[in-house]
Asker: 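The structure that follows is given in the form of structure tokens.
Here is how names work: the chains are called A, B, and so on, in the same order as the sequence lines, proteins then strands, and each is numbered from 1.
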Number of protein chains: 2
Amino acid sequence: MSDGQRAVTITEVAARAGVSISTASKALNRRGQLRNETRERVFAAADELGYQPNALARSLVQRRSYTVGLLSTESADRFNIPLHLGLENALGAGRVSVFLCDGRADPERERFYLESLLSRRVDGIVVTGVRTDARPPLADVPLPVPVVYAYSRSADPGDLSVLPDDEQGGRLAAEHLLAAGRRTFAHVTGPTEYAAVRDRLTGFRAALAEAGVALPDARVRCGPWREEFGRAATAELLAARPEVDAVFCGNDLLARGALDTLRESGRRVPEDVGVVGFDNWGVLAEGARPPLTSVDMDLQGLGELAARRLLSLIEGNRESGLVHHPCRLEVRASGGGPAVR
Amino acid sequence: MSDGQRAVTITEVAARAGVSISTASKALNRRGQLRNETRERVFAAADELGYQPNALARSLVQRRSYTVGLLSTESADRFNIPLHLGLENALGAGRVSVFLCDGRADPERERFYLESLLSRRVDGIVVTGVRTDARPPLADVPLPVPVVYAYSRSADPGDLSVLPDDEQGGRLAAEHLLAAGRRTFAHVTGPTEYAAVRDRLTGFRAALAEAGVALPDARVRCGPWREEFGRAATAELLAARPEVDAVFCGNDLLARGALDTLRESGRRVPEDVGVVGFDNWGVLAEGARPPLTSVDMDLQGLGELAARRLLSLIEGNRESGLVHHPCRLEVRASGGGPAVR
DNA sequence: GACATCTCGGAAAACCCTTTCCGTGGCGAG
DNA sequence: CTCGCCACGGAAAGGGTTTTCCGAGATGTC
């Protein structure tokens, strides 16, 4: 609590251990050739003094801060939590800390944070977003540190972007519903301006086609990412084509809406109609009636992947282009497919 | 993108401006007495070179890193997002960056992060949680930096904790429902081990009592924070006391469950029964039928408050104890109270 | 003309480390 | 005995800033 007393420095540790500063440094960092006895004396001294090396000074001389910036561009989003967790998993082991900055979808603010990160000499930057659509790169000049875009895609092909494999996610949904014997499919999803919307549909359709099942445009409804739209679109779909027995939704919110409309129209899920969502948003999927089967983008895994790639860039390797991370299916009740593996 | 070229230092700026290093420093930081012409020459040089001061070096000499740690103890939670936003609002202006660490409810991990933050010489630490119950302080020894607990409460009364005013939040709900003419109240909420559960109930009851309305224990249901429990508890409540015309829920998930059960039992909300939730969890509240009126803890405001207090502690002021931040009511349709102001 | 007072800008110490380079003493080999 | 090598540990040079202190010249006052 109380501030004031200066932190203990390596000088004091060295003095107490009766060695020079450089020897203390070597002992503490397990460098150089030291007698065991010396090393231990230094450690003991450090311990007794409660020595905490000053990372600032260390960074200065090593020219490596062991920090990275996490710059979330779009306004704070729940997607960032698992992403950050994954990042920490992969970085924490290497003792890298992360600066979190929320750009709030404001380019000005983004620039401000970028400068701040640069001036703090981060070793790298991860840019996250909530869209897989290409966005302008962080800066129009080459940056002095490596950058990776995670759940966000740079328009510059020289940049590295890691993204969920939406197309494969769409396939997953189709395969699950097909396996349950569904024949008449529908898709309720978000605005077509989202690359994710188009990719998920592409994968979904492709898997259906391979099974000889068609998904005409009339049974694809695009609208806002809102529960209300899920309900309304499903109602329209049922009115136009009552024999629909499978609905794939572009996210879990829409799926919740679909589920409600289906139940209220007298359909049983999953007996009469199978439903699969996207995002696997915990509380939402679990609280649904019945619990919602949903495609999980494994954002944590995505974060880990991004971190590993960033580390690799920091090592000096060159990587660029798009990297896709596979989705997996979280099977609950609504799909009616085979039980959980 | 490309790494390698050394960052430009103040030495180069000084050389280019034809002044000494110290003069350059003074110019850049608007310190000391310099002719305007000199100052401008330095700025121009800095600009042309794209100079970014090295925050590491600056921190070292100033003994102030202008960074703070945000240590979230419980596993990553959506509560942390608005909290972080508020923190950034209040800190960003002072150009303070934040290190984000997720303790994952693991004391070991928490200690690890604490050490890491300390070694990075953060100026202060904000500890966040998802419970308002007292928790053991971050360390059992006095820390060299100030700490504030936000949406988290240290068991040490010498520490400073900022918390939402759950009691007042409960009153808000009661007043809103009373204003709509409700008479027979019920409460569906989380486990009684949560201080938040008890506080919200206390406030709710107090406000009812002031209006001469009683809330017998039989109409208070405590259970897990899950939608399913919201549905089940509401059903029980209705069976035991069909004339219930107001339900206050301990969070929005429970409220969603309550809403569903009410609708399916033939009640109209808000005409027959008023419902108020807690948390004002955007998508959940907006997507509800009808849209859910909910108590908002203003976590962003809480974060700002925490940041301001932390800054004050960093300035050297002494503060301790509990600080409560008021909740506000987000009026939508489900309460049936007076329209939005 | 002497002296005090300003204004401007530089030299150097300090911040706390890491790392390179070197010196010393001990040992084995020839 | 000499040489070369190795193990160990110290001196000192950075790393990039800020800040204190001081000196030099210009100006003002009597």
Asker: Taking 4.0 Å as the cut-off, does a side-chain nitrogen or oxygen of A/Arg35 come that near to OP1 or OP2 on D/dG9?
Answerer: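 A/Arg35 to D/dG9 OP1/OP2: side-chain N or O found under 4.0 Å.
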Asker: Which nucleotide, C/dT20, C/dT18, C/dC15, lies nearest any side-chain atom of A/Lys26?
Answerer: C/dT20
Asker: When the side chains of residues 53-63 of chain B are checked against the rest of the protein, which donor-acceptor pairs come out under 3.5 Å, sequence neighbours left out?
Answerer:
residue, atom, partner, partner atom, Å
B/Asn54, OD1, B/Leu56, N, 2.8
B/Asn54, OD1, B/Ala57, N, 3.2
B/Ser59, OG, B/Ala55, O, 2.7

Asker: Give one of base, sugar-phosphate or nothing for B/Ser59, where a contact means two heavy atoms less than 4.0 Å apart.
Answerer: nothing
Asker: How many Å lie between CG on A/Leu34 and C1' on D/dG10, as a whole number?
Answerer: 11 Å
Asker: Which nucleotide sits closest to the side chain of A/Val61: D/dG14, C/dG9, D/dG10?
Answerer: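 That would be D/dG14.
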Asker: Could you please spell out the steps behind the side-chain contact (heavy atoms from CB on, under 4.5 Å) verdict for B/Phe99 and A/Thr67?
Answerer: CA-CA 9 Å; B/Phe99 280 115; A/Thr67 59; 3.8 Å; yes
Asker: May I have the distance from B/Asn29 (atom CG) to D/dT20 (atom C1'), rounded to whole angstrom?
Answerer: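 Result: 15 Å.
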Asker: Quick one: label A/Ile21 by what it contacts on the DNA or RNA (base, sugar-phosphate, nothing), any heavy atom closer than 4.0 Å.
Answerer: base
Asker: Using whole Å, report how far CG of B/Leu56 lies from P of D/dT18.
Answerer: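 Spelled out: CG on B/Leu56 to P on D/dT18 is 13 Å.
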Asker: With a 3.5 Å cut-off and heavy atoms only, can you find an N or O donor on one side and an acceptor on the other between the side chain of B/Ser22 and the base of C/dA11?
Answerer: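 When only heavy-atom distances are counted, B/Ser22 does reach the base of C/dA11 through a donor-acceptor pair under 3.5 Å.
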Asker: B/Asn54 has a side chain; which of D/dG16, C/dC21, C/dT18 sits nearest to it?
Answerer: D/dG16
Asker: Look at A/Arg58 and C/dC16 and indicate whether a side-chain polar atom (N or O) is within less than 4.0 Å of OP1 or OP2.
Answerer: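 Indeed not, no polar side-chain atom of A/Arg58 lies that close.
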Asker: Map B/Gln62 and B/Thr23 onto DNA chain C by nearest heavy atom, then report which one ends up closer to the 5' terminus.
Answerer: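 The residue whose closest nucleotide sits nearer the 5' end is B/Thr23.
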Asker: Kindly check if the number of other-residue, nucleotide or ligand heavy atoms within 6.0 Å of CD (B/Glu108) is above 12?
Answerer: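 Result for CD/B/Glu108: open.
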Asker: Measuring from the side chain of B/Ser20 (C-beta onward, heavy atoms only), which nucleotide among C/dC17, C/dC15, C/dG10 has the closest atom?
Answerer: C/dG10
Asker: Does B/Gln33 reach a base, just sugar-phosphate, or nothing at all? Heavy atoms under 4.0 Å.
Answerer: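 Base, at least one base heavy atom under 4.0 Å.
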Asker: Would you kindly give the CD1-to-P distance between A/Ile10 and D/dG14, to the nearest whole Å?
Answerer: 19 Å
Asker: Using a strict 4.0 Å threshold on nitrogen-to-oxygen distance, state whether A/Arg41 and A/Glu37 make a salt bridge.
Answerer: yes
Asker: Quick one: A/Arg30 CZ to C/dT18 C1', roughly how many Å, whole number?
Answerer: 16 Å
Asker: Quick one: A/Leu49 CG to C/dC16 P, roughly how many Å, whole number?
Answerer: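 Answer to the nearest Å: 14 Å.
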Asker: Any side-chain N or O of A/Thr11 under 4.0 Å from OP1/OP2 of C/dC16?
Answerer: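 For C/dC16, OP1/OP2 do not have a side-chain N/O of A/Thr11 under 4.0 Å.
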Asker: Starting at CZ of A/Arg121 and ending at P of D/dG16, how long is that distance when rounded to a whole Å?
Answerer: 8 Å
Asker: Taking only the side-chain heavy atoms of A/Leu60 (C-beta and beyond), determine which of C/dT18, D/dG10, D/dG16 contains the nearest atom.
Answerer: D/dG16
Asker: Take atom CZ of B/Arg63 and atom C1' of D/dT20, then tell me their distance rounded to the nearest Å.
Answerer: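 Result: 14 Å.
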Asker: Step through the shown structure and confirm whether more than 12 heavy atoms of other residues, nucleotides or ligands are within 6.0 Å of CZ on B/Arg64.
Answerer: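 Yes, because the 6.0 Å sphere around CZ of B/Arg64 holds more than 12 heavy atoms from other groups.
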Asker: So, A/Ser97 and B/Arg120: side-chain donor and acceptor under 3.5 Å apart, yes or no?
Answerer: yes
Asker: I want to verify a distance call: between D/dG10, D/dG9, C/dC16, whose nearest atom is closest to the A/Val19 side chain?
Answerer: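 Closest of the options to the side chain of A/Val19: D/dG10.
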Asker: Under 4.0 Å from OP1 or OP2 of C/dC16: is there any side-chain N or O of A/Tyr51 that close?
Answerer: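 Indeed not, no polar side-chain atom of A/Tyr51 lies that close.
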Asker: Mapping A/Val8 and B/Arg39 onto DNA chain C by nearest heavy atom, which one lands closer to the 5' end?
Answerer: B/Arg39
Asker: With a cut-off of less than 4.0 Å, is there a side-chain N or O of A/Ser25 near OP1 or OP2 of C/dT18?
Answerer: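 For C/dT18, OP1 or OP2 has a side-chain N or O of A/Ser25 closer than 4.0 Å.
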